[in-house]
Amino acid sequence: MRQDIYIEDLKSFVGKAVTLRGWLYTKRSSGKIQFLELRDGTGICQCVVMKNQVDEATFAAYDKLTQESAFAATGVVQEAAKAPGGYELFTKSIEIISIAQEYPISPKEHGVEFLMGNRHLWLRSSRQHAIQKVRHEVVHAIRDFFDERGFNLLDAPILTPNAAEGTSTLFELDYFDEGKAYLTQSGQLYGEAGAMALGKVYVFGPTFRAEKSKTRRHLTEFWMVEPEVAFMDLEGDMQLAEEFIEYIVQRVLKNRQNELKVLERDVSKLERIKAPFPKLHYDEAAQILKEYWSSMNEDEKKERFASGHKEFIYGDDFGAPDEAVISGKFEKPVMVHHYPAAVKALYMKRDPKEPDKALAMDMLAPEGYGEIIGGSQREDDYETLLGRIKEHNLPVDAFEWYLDLRKYGSVPHAGFGLGVERTVAWICGIEHVRETIPFPRTISRIWP
RNA sequence: UCCUGAGUAGCUCAGUUGGUUAGAGCAUCUGACUGUUAAUCAGAGGGUCGUAGGUUCAAGUCCUACCUCAGGAGCCA
């Protein structure tokens with residue numbers, strides 16, 4: 001008796017009659033023998049049809065089935081060394097479910113603009129399929145990591161009344177009679193409230209930045225996970241971050257080998273992602289940059305300037321090219337801490353031993369993928385925080401609830417934010433974050 | 001916002017110092033083929049050269065403006 005199964009389960013059905021249902025990925029024929037590659041979302045299976053083994057209608061189906069047409073194939077599963085995946089279906093009959101019109105995405109190469117305009121179809125391609133599988137694994141690993149450690153998920157609002165950090169531009173909208181509202185650019189402030197209530201929390205959801213950034217690392221809508229822990233200091237924050245990254249990478253390595261193979265990822269570079277990671281004080285990172293520039297002659301410097309890389313001055317924040325220089329020195333992610341307070345957000349606590357430095361850290365991914373984590377120990381003193389809000393000319397009343405957290409049982413606490421898309425791009429080894437999210441939103445694209 | 005580059009067939013591209021009817025591969029259609037792997041082989045159809053002006057006997061090619069897209073900077077995850 002036949003049985004409906006998924007392609008990922010083929011190996012348990014060798015010698016048995018089964019039915020597969022899906023879409024035609026591609027087909028080949030040499031006259032009396034036909035090969036149809038069936039895609040069902042769990043994998044791809046080659047269906048072999050021989051003229052003298054099937055009825056006329058089944059043999060004629062080959063001509064009718066266009067790329068991405070839906071059909072069901074019934075036959076016997078057999079091992080086949082030459083078949084993609086190692087198994088094929090020796091097909092006895094084919095049932096056509098629907099015939100696809102001429103499909104725009106051919107097996108040949110395409111340009112970015114075309115593929116992005118057909119993102120809803122592009123997702124069916126094996127490479128995009130593999131990326132989404134890895135993304136799913138990363139998200140699952142994130143949840144498991146925190147859940148196993150007793151963190152409570154805290155869903156922060158997406159519609160917010162005010163700017164959390166002030167600097168970034170926000171998407172604005174009208175909110176009934178209440179005036180303007182904004183799409184959240186970080187759940188952190190709410191995470192801090194949650195940490196005071198639940199001890200250990202993580203906020204996980206989409207965030208929005210109306211920055212006009214046009215690089216391979218930016219989206220206007222992206223997902224961020226933000227743990228926040230009461231009684232944790234910067235040291236603990238960094239340790240949590242490195243254990244977290246190790247956990248995610250090792251989970252993908254364990255469960256998504258096939259997908260990494262499709263993506264042609266050099267997994268040896270991922271296998272070495274084990275804590276502890278190198279940690280550099282800002283001054284040490286600055287020294288690397290100083291040596292980098294001083295080792296160059298004038299012509300080499302001019303070349304760097306022409307590509308947009310500005311010479312680093314002590315006290316500056318690091319630009320993307322600076323981060324590439326620093327992370328290029330290491331095979332593991334590197335954490336830089338104790339940034340100058342002047343270039344960091346107002347809610348970050350300063351180090352009492354180095355009052356000009358913030359208890360902040362960034363984690364830079366290897367292979368030039370840039371910043372994947374930004375975190376800090378938060379300012380927990382009421383007067384200090386209030387003073388900083390005033391210094392930045394921000395409306396104190398908007399921060400009233402946030403200041404309350406310092407009025408009622410304030411404790412040291414810390415947390416960080418991890419960009420999901422940058423992390424997935426790095427693990428997959430792909431060029432651009434836009435391929436890591438099903439429907440990317442960039443400065444020039446809101447469709448499909 | 002700034003810098004750089006690109007828009008030619010459904011898709012990816014070629015198109016020389018401006019010169020007759022703008023080419024190729026893939027996709028589509030027709031035919032051949034019993035183990036193909038982006039199958040192969042033979043043939044056919046398919047074009048407002050991003051838009052608007054301008055120079056010229058003549059513009060895909062030169063000039064101007066604009067539009068769209070891509071890469072980078074800044075900002076950030």
Side-chain angles (χ1 to χ4, degrees), chain A residues 25-37 44 46-53 59 62-63 66-68 78 80-85 88 90 101-118 122 125-126 165-169 185-188 206-226 241 304-310 316-324 343-345 362-365 369-375 416-426 431-434 436-437 442-445:
Chain A
Y25 197 59
T26 174
K27 63 179 181 179
R28 295 175 288 275
S29 160
S30 46
K32 306 228 169 23
I33 182 166
Q34 302 164 340
F35 302 91
L36 297 104
E37 284 192 22
I44 290 175
Q46 170 172 287
C47 302
V48 185
V49 182
M50 284 185 173
K51 187 167 181 154
N52 61 9
Q53 299 286 321
F59 195 74
Y62 179 92
D63 289 327
T66 53
Q67 188 183 356
E68 288 303 318
Q78 52 191 30
K82 280 196 275 182
E88 65 182 16
F90 191 81
Q101 295 180 26
E102 192 177 330
Y103 192 65
I105 301 179
S106 71
K108 277 268 187 169
E109 59 205 59
H110 297 282
V112 173
E113 192 179 354
F114 174 79
L115 288 171
M116 294 297 285
N118 286 287
W122 189 23
S125 302
S126 56
E165 302 179 38
T167 53
S168 303
T169 1
Q185 59 179 340
S186 165
Q188 182 203 311
T207 48
F208 307 85
R209 305 269 167 101
E211 298 156 359
K212 293 203 165 181
S213 301
K214 277 187 65 172
T215 81
R216 70 187 70 187
R217 302 180 308 279
H218 287 89
L219 297 167
T220 55
E221 176 179 335
F222 66 99
W223 281 65
M224 191 153 66
V225 58
E226 301 173 281
R304 295 305 304 151
F305 295 154
S307 74
H309 193 175
K310 290 189 198 64
D316 283 354
D317 203 354
F318 303 130
D322 296 325
E323 290 179 355
V343 302
K344 285 291 176 186
D362 284 349
M363 188 192 289
L364 311 176
Y369 280 90
E371 185 180 342
I372 52 171
I373 281 181
F416 61 81
L418 170 95
V420 171
E421 286 74 19
R422 286 187 186 176
T423 303
V424 173
W426 162 49
E431 277 291 298
H432 202 299
V433 291
R434 65 181 161 225
T436 65
I437 189 165
T442 64
I443 175 174
S444 58
R445 183 167 298 279

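Proteins get letters first, then strands, A, B, ... in listed order; numbering begins at 1 in each.
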**Request:** Using the aromatic ring of A:Phe222 (for Trp, its six-membered ring), decide whether it stacks on the base of B:A77 within the limits of 5.5 Å and 30°.
**Result:** yes
Pairwise [atom1] distance, [M] and [N] [rounded to whole Å]:
{"N": "B:G60", "M": "B:C49", "atom1": "C1'", "result": "5 Å"}
{"N": "B:A52", "M": "B:C41", "atom1": "C1'", "result": "47 Å"}
{"N": "B:G72", "M": "B:A27", "atom1": "C1'", "result": "34 Å"}
{"N": "B:G7", "M": "B:C11", "atom1": "P", "result": "14 Å"}
{"N": "B:G23", "M": "B:G45", "atom1": "P", "result": "12 Å"}
{"N": "B:A14", "M": "B:A6", "atom1": "C1'", "result": "15 Å"}
{"N": "B:U21", "M": "B:U68", "atom1": "C1'", "result": "32 Å"}

Using both distances under 3.5 Å as the test, list the Watson-Crick or G-U wobble partner of [N], or none.
{"N": "B:G5", "result": "B:C69"}
{"N": "B:U36", "result": "none"}
{"N": "B:U20", "result": "none"}
{"N": "B:G25", "result": "B:C11"}

Mark yes or no for a side-chain to base donor-acceptor pair under 3.5 Å between [X] and [N], with no hydrogen or angle criteria applied.
{"X": "A:Arg422", "N": "B:C76", "value": "yes"}
{"X": "A:Ser213", "N": "B:C75", "value": "yes"}
{"X": "A:His218", "N": "B:C76", "value": "yes"}
{"X": "A:Glu88", "N": "B:G35", "value": "yes"}
{"X": "A:Gln46", "N": "B:U36", "value": "yes"}

**Carboxylate-amine/guanidinium contact A:Arg209 A:Glu221, below 4.0 Å** = no
**Prompt:** Any salt bridge between A:Asp63 and A:Lys27, counting N to O under 4.0 Å?
**Reply:**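 Answer for the salt bridge query: no.
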Looking at [X], I'd like to know whether one of its side-chain N or O atoms comes within less than 4.0 Å of OP1 or OP2 on [N].
{"X": "A:Ser444", "N": "B:A70", "result": "yes"}
{"X": "A:His432", "N": "B:G71", "result": "yes"}
{"X": "A:Lys212", "N": "B:U1", "result": "yes"}
{"X": "A:Arg434", "N": "B:G71", "result": "yes"}

**Prompt:** When all nucleic acid strands are considered with a 4.0 Å heavy-atom cut-off, which category describes A:Gly31: base, sugar-phosphate, or nothing?
**Reply:**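 Touches a base.
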